[in-house]
Amino acid sequence: MKITKLHDLYFKEFVSKNDIATIVKQLALQVKKDLPKDEVPLFIGILNGCFVFAADFVREFNGDCEISFVKLASYEGTNSSEKVKKLIGVNEDLSDRTVVILEDVIDTGTTLQEIYEIFKTKNLKELKIATLFFKPDVYKKELPIDYIGKSIDDAFIVGYGLDYNGYGRNLPAVYQLTTKPKMKNIVLFGPPGAGKGTQATVLKDKYNLVHISTGDVFRYNIKNGTELGILAKTYMDAGNLVPDEVTISMLKAEVEKNSDVNGFIFDGFPRTQSQAEVLDEFLAEKGERINGMVALEVSEDLLVERILERGKTSGRSDDTDESKIRNRFNEYNTKTAVLKDFYEDKGTYYGVNGVGSIEEITERLSDVFDTL
Ligand code: AMP
């Protein structure tokens with residue numbers, strides 16, 4: 001599902017570009033069919049929202065027609081308590097014309113009624129109303145709507161000319177307001193041995209988050225001799241990455257196991273660009289996102305030392321052999337390090353100095369976590 005963010009709110013795709021095209025085509029056909037032969041209608045679009053719909057509508061209209069736009073502006077009369085509504089932009093002589101008002105969306109009908117009243121005084125031959133979207137549940141007027149593209153529930157929509165505080169008019173599809181993300185999801189990032197696991201253990205309690213370490217899940221599966229463990233073992237023993245399909249489906253299953261949580265600390269995932277893309281998509285389907293990638297920055301030479309030291313007690317075979325460790329760094333540098341750019345492009349990469357005591361580093365990480 002496509003999700004887009006405008007200002008502070010999230011919207012999910014509601015009517016696709018193709019579906020809109022079909023609706024607009026139908027509307028144009030229907031309007032044409034009902035007009036007397038050789039009648040040249042004047043379409044009047046109500047700005048701003050209808051500019052995209054009107055442009056597509058007239059191009060689907062098969063026959064001569066004219067198009068004009070108006071804007072309803074309210075200004076204060078000399079008596080400041082009196083608000084006067086005025087249509088700006090009607091320059092044509094409308095007497096004896098067939099006018100079809102084009103609206104992007106009609107909800108309560110208040111604006112439409114005001115516009116209708118103004119047009120009624122202009123000696124038209126006929127006045128009709130065509131709207132792309134209509135909200136029957138909130139419509140309060142008696143005025144009949146002649147043409148309705150699609151009736152919808154009373155949810156806030158944007159796109160295809162409609163905006164949220166000025167943004168979103170250029171979206172080719174129509175989006176509906178979705179719930180705000182509720183979780184705090186953080187990717188704890190850094191090369192092997194940077195201390196992600198150690199820090200995640202502390203931070204998950206501090207921020208009440210679920211810690212998912214893909215490395216730990218693999219090791220658990222290896223220990224228990226599961227199919228997944230057997231598959232992952234050969235890759236891990238050599239210090240290679242486990243193939244994406246395997247890791248991604250495992251990660252998804254881990255997330256699904258934890259519903260109704262505050263959020264996740266992802267440790268060791270994503271490790272490739274495609275893992276990062278899938279993670280974004282997967283969370284977006286839930287109306288969620290990655291708040292930030294927080295990276296522990298430590299130089300490689302320091303890390304090899306650290307890992308060899310850890311290998312004396314960790315029981316991890318990939319921690320004891322320097323060539324395997326070097327290979328893990330090679331995998332990191334060639335496949336994983338690019339993720340810094342991936343998150344930096346979104347403005348959600350946060351680098352933290354990973355050299356110091358555990359407490360010092362927790363404090364640095366917390367400073368970032370607090371802002372996410
Ligand atoms: P870690 O405990 O994070 O250092 O991971 C240990 C090993 O598990 C890695 O060297 C990989 O073989 C495998 N692994 C963990 N996470 C991933 C991942 N996201 N993608 C591919 N392989 C992974």
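Because only heavy atoms are used, hydrogens play no part in the values below, and waters and symmetry mates are left out as well, while side chains stay in. The shown structure was predicted, so the numbers you read here are calculated from the model rather than taken from an experiment. Counting starts at 1 for both ligands and their atoms, following the listed order.
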Here the atoms of ligand 1 under 4.0 Å from any heavy atom belonging to Asn240 are 11 (C), 12 (O)
Original post:
Would one find more than 12 heavy atoms of other residues, nucleotides or ligands at under 6.0 Å from atom CG of Asp153?
Top reply: no
Practice item. State, without any angle test, whether Lys184 and Tyr207 hold a side-chain donor-acceptor pair at a distance under 3.5 Å. Key: no
**OP:** Ignoring hydrogens and angles, tell me if any N or O in the side chain of Gln176 forms a donor-acceptor pair with the backbone of Glu13 under 3.5 Å.
**Re:** no
Problem - Ionic contact status for Arg310 with Glu305, cut-off 4.0 Å - result: no
At under 4.0 Å between heavy atoms, what of Lys196 touches ligand 1? The answer is neither
min-distance protein heavy atom vs atom 20 (N) of ligand 1 -> Gln275 NE2, 3.0 Å
Thinking salt bridges, do Glu281 and Lys286 make one under a 4.0 Å N-O criterion?
-> no
Short N/O distance, under 3.5 Å, between Asp216 and ligand 1? no
for atom 19 (N) of ligand 1, nearest protein heavy atom and its distance come out as Gly268 O, 2.8 Å
Ranking Glu331, Arg316, Met250, Lys335 by closest non-hydrogen atom to atom 6 (C) of ligand 1, top hit is Arg316
Within the 4.0 Å heavy-atom cut-off, what Thr272 brings close to ligand 1 is neither
Filtering Lys324, Lys233, Met236, Arg271 for the heavy atom nearest atom 1 (P) of ligand 1 leaves Arg271
Residue, atom and distance of the protein heavy atom nearest atom 23 (C) of ligand 1 read Phe218 CE1, 3.8 Å
Before signing off on this row, confirm whether Thr214 and ligand 1 have an N or O atom pair separated by under 3.5 Å.
-> yes
Keeping Glu360 on the side-chain end and Ser357 on the backbone end, is there a donor-acceptor pair under 3.5 Å? yes
Discussion item. Tell me whether Lys25 contacts the main-chain N or O of Phe57 through its side chain, where contact means a donor paired with an acceptor under 3.5 Å.
Written reply: no
task = Check step by step if salt bridge (charged side-chain N to carboxylate O under 4.0 Å, His left out) holds for Lys324 and Asp318.
result = CA-CA 6 Å; Lys324 286 180 185 173; Asp318 62 344; over 6 Å; no
Within 4.0 Å of some non-hydrogen atom of Arg219, the atoms of ligand 1 are 2 (O), 6 (C)
Honestly, for Val242 the part within reach of ligand 1 (heavy atoms, under 4.0 Å) is both
